Number of protein chains: 2
Amino acid sequence: MTTAPQTTAAKAVTASGGPGAPKTARGARTRARILKAAEHTFGTLGYHRAGISDITRAAGVAQGTFYTYFAGKEEILRELVRDMGHQVRAHLAAEILDAGNRLEAEERGLRAFLQYLYENPSLYRVLQEAQFVDEAIYRDYYEAFGKGYVRMLANATRKGEIRPGNNEVRVWALMGMSNFLGLRYALWEQDVSFDEIVDTLSDLFRNGLTLDGKEKP
Amino acid sequence: MTTAPQTTAAKAVTASGGPGAPKTARGARTRARILKAAEHTFGTLGYHRAGISDITRAAGVAQGTFYTYFAGKEEILRELVRDMGHQVRAHLAAEILDAGNRLEAEERGLRAFLQYLYENPSLYRVLQEAQFVDEAIYRDYYEAFGKGYVRMLANATRKGEIRPGNNEVRVWALMGMSNFLGLRYALWEQDVSFDEIVDTLSDLFRNGLTLDGKEKP
């Protein structure tokens with residue numbers, strides 16, 4: 001494949017491609033700053049009340065600069081959710097990287113997710129609100145998340161670390177758990193320690209919930 | 001306690017009380033019809049785009065009639081979510097009433113919830129959107145749901161049907177599971193049978209997820 005000559009930095013930043021993709025490393029930094037400002041602005045004011053001028057003010061850039069990178073409010077929301085998804089997944093992947101087995105990965109992943117949501121409360125609000133702008137934004141986020149998660153469970157099944165079963169269904173159940181636990185205990189009220197939450201779920205993963213026909217612990 | 005004389009029907013409908021509560025059985029029916037119309041209107045147009053005139057048109061009542069029962073759009077949303085919450089809980093309670101034990105109650109409850117969501121897709125959208133009008137509406141819905149659920153798990157713990165553990169944390173995990181499974185498999189795509197979903201979760205509740213140190217099934 002032949003491409004036009006580019007500097008190394010430009011190559012790196014255009015790898016993600018797409019219209020509006022920055023041509024230089026400096027452009028990539030500006031774009032990232034605008035995305036960060038949008039995250040904060042949408043997270044605090046809400047998508048509907050937030051204007052592009054609120055975002056550019058928070059980012060410290062001119063309105064024209066915004067339009068160099070994004071076509072408008074809906075497009076930046078779409079890019080923001082995609083970007084937040086990459087960040088959460090990269091963060092969790094790093095946290096569970098050297099987990100000894102799937103149970104440990106679930107424990108570490110849940111703890112890291114709760115902590116991440118606590119430190120990045122805008123994630124939840126922006127994501128939730130995005131479903132009313134375009135449901136595909138929201139759906140893509142969870143489908144991307146779920147895809148990698150199913151692969152990990154399939155791997156764990158092959159290694160004999162988890163019971164064989166419908167891993168896709170499990171993944172949606174597990175994502176739902178983390179989501180609601182995060183909403184309740186990381187965002188609304190921090191009245192139960194993350195350790196206690198992780199221990200409770202770990203017990204479910206190891207032993208199930210019911211005792212029917214089993215000895216009491 | 002002394003109360004003014006009332007007809008039996010009037011007593012029944014004013015039991016829920018509050019301003020705007022209908023004084024007659026006929027009034028209660030009108031109010032219920034307006035709520036049903038609001039559910040459909042918010043569910044299809046979305047809260048922000050829906051106007052009171054859309055609701056009154058769908059209900060076949062005059063605008064003045066709307067204001068006999070509700071102060072405005074935000075109030076009817078609040079009442080609607082409360083009303084939907086009562087309905088879902090009553091429906092699920094009836095479905096699990098004669099379950100033999102907690103595992104069976106979980107299985108039946110999950111199946112009934114998936115079916116309910118499939119038949120009442122507005123529930124999800126209205127509820128999700130309500131959190132951006134007033135987060136308390138959304139939070140109250142899940143807290144009311146969770147309260148009864150915690151009581152049921154406490155009961156099952158006493159009867160030795162489930163492992164002792166933090167039932168409140170479990171309840172938020174379980175509500176999250178149902179929620180995401182419903183979103184994915186009842187609302188977005190019905191590509192996995194509800195039986196398969198219930199079986200997958202039932203296996204988790206009975207046997208856990210991991211095999212570490214246990215024999216393979």
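Everything numeric in this text was worked out from a predicted model, so none of it was measured. Naming convention: chains lettered A, B, ... in sequence-line order (proteins, then strands); numbering from 1 in each chain.
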**Fill in**
So, the part of A:Glu196 with a heavy atom under 4.5 Å from chain B: the answer is side chain
**Message:** Within the 4.5 Å heavy-atom criterion, are B:Val150 and B:Phe145 side-chain neighbours or not?
**Reply:**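 Not touching, per the 4.5 Å side-chain cut-off.
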**Message:** I'd like to check B:Phe42 versus B:Ile76 (side-chain heavy atoms, cut-off strictly below 4.5 Å). Are they in contact?
**Reply:**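 Yes, their side chains come closer than 4.5 Å.
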**Request:** Could you tell me whether the side chain of B:Asp140 and the main chain of B:Ile137 form a donor-acceptor pair under 3.5 Å?
**Result:** no
Please rank [options] by heavy-atom pairs under 4.5 Å with chain A and give me the top one.
options                                : value
B:Arg170, B:Gln128, B:Glu106, B:Arg139 : B:Arg139
B:His48, B:Glu168, B:Arg125            : B:Glu168
B:Tyr185, B:Tyr47, B:Phe132            : B:Phe132

**Asked** Under 4.0 Å between a Lys/Arg side-chain N and an Asp/Glu carboxylate O for A:Arg78 and A:Glu75?
**Response**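 Result for this pair is no, no salt bridge flagged.
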**Prompt:** Charged N to carboxylate O below 4.0 Å: is that the case for A:Arg111 and A:Glu95?
**Reply:** no
**Request:** Sort out for me which of A:Asp203, A:Leu153, A:Val169 touches chain B most, counting heavy-atom pairs under 4.5 Å.
**Result:**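 Winner by heavy-atom pair count: A:Val169.
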**Prompt:** Checking heavy atoms, do the side chain of B:Gln131, its backbone, both or neither come under 4.5 Å from chain A?
**Reply:** side chain
**Message:** What part of B:Asn166 gets within 4.5 angstrom of chain A, counting heavy atoms only: side chain, backbone, both, or neither?
**Reply:**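 Its backbone and side chain both get close to chain A.
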**Message:** In this structure, is the centre-to-centre distance between the rings of A:Tyr142 and B:Phe180 below 6.0 Å?
**Reply:**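 Yes - the distance between ring centres of B:Phe180 and A:Tyr142 falls below the 6.0 Å cut-off.
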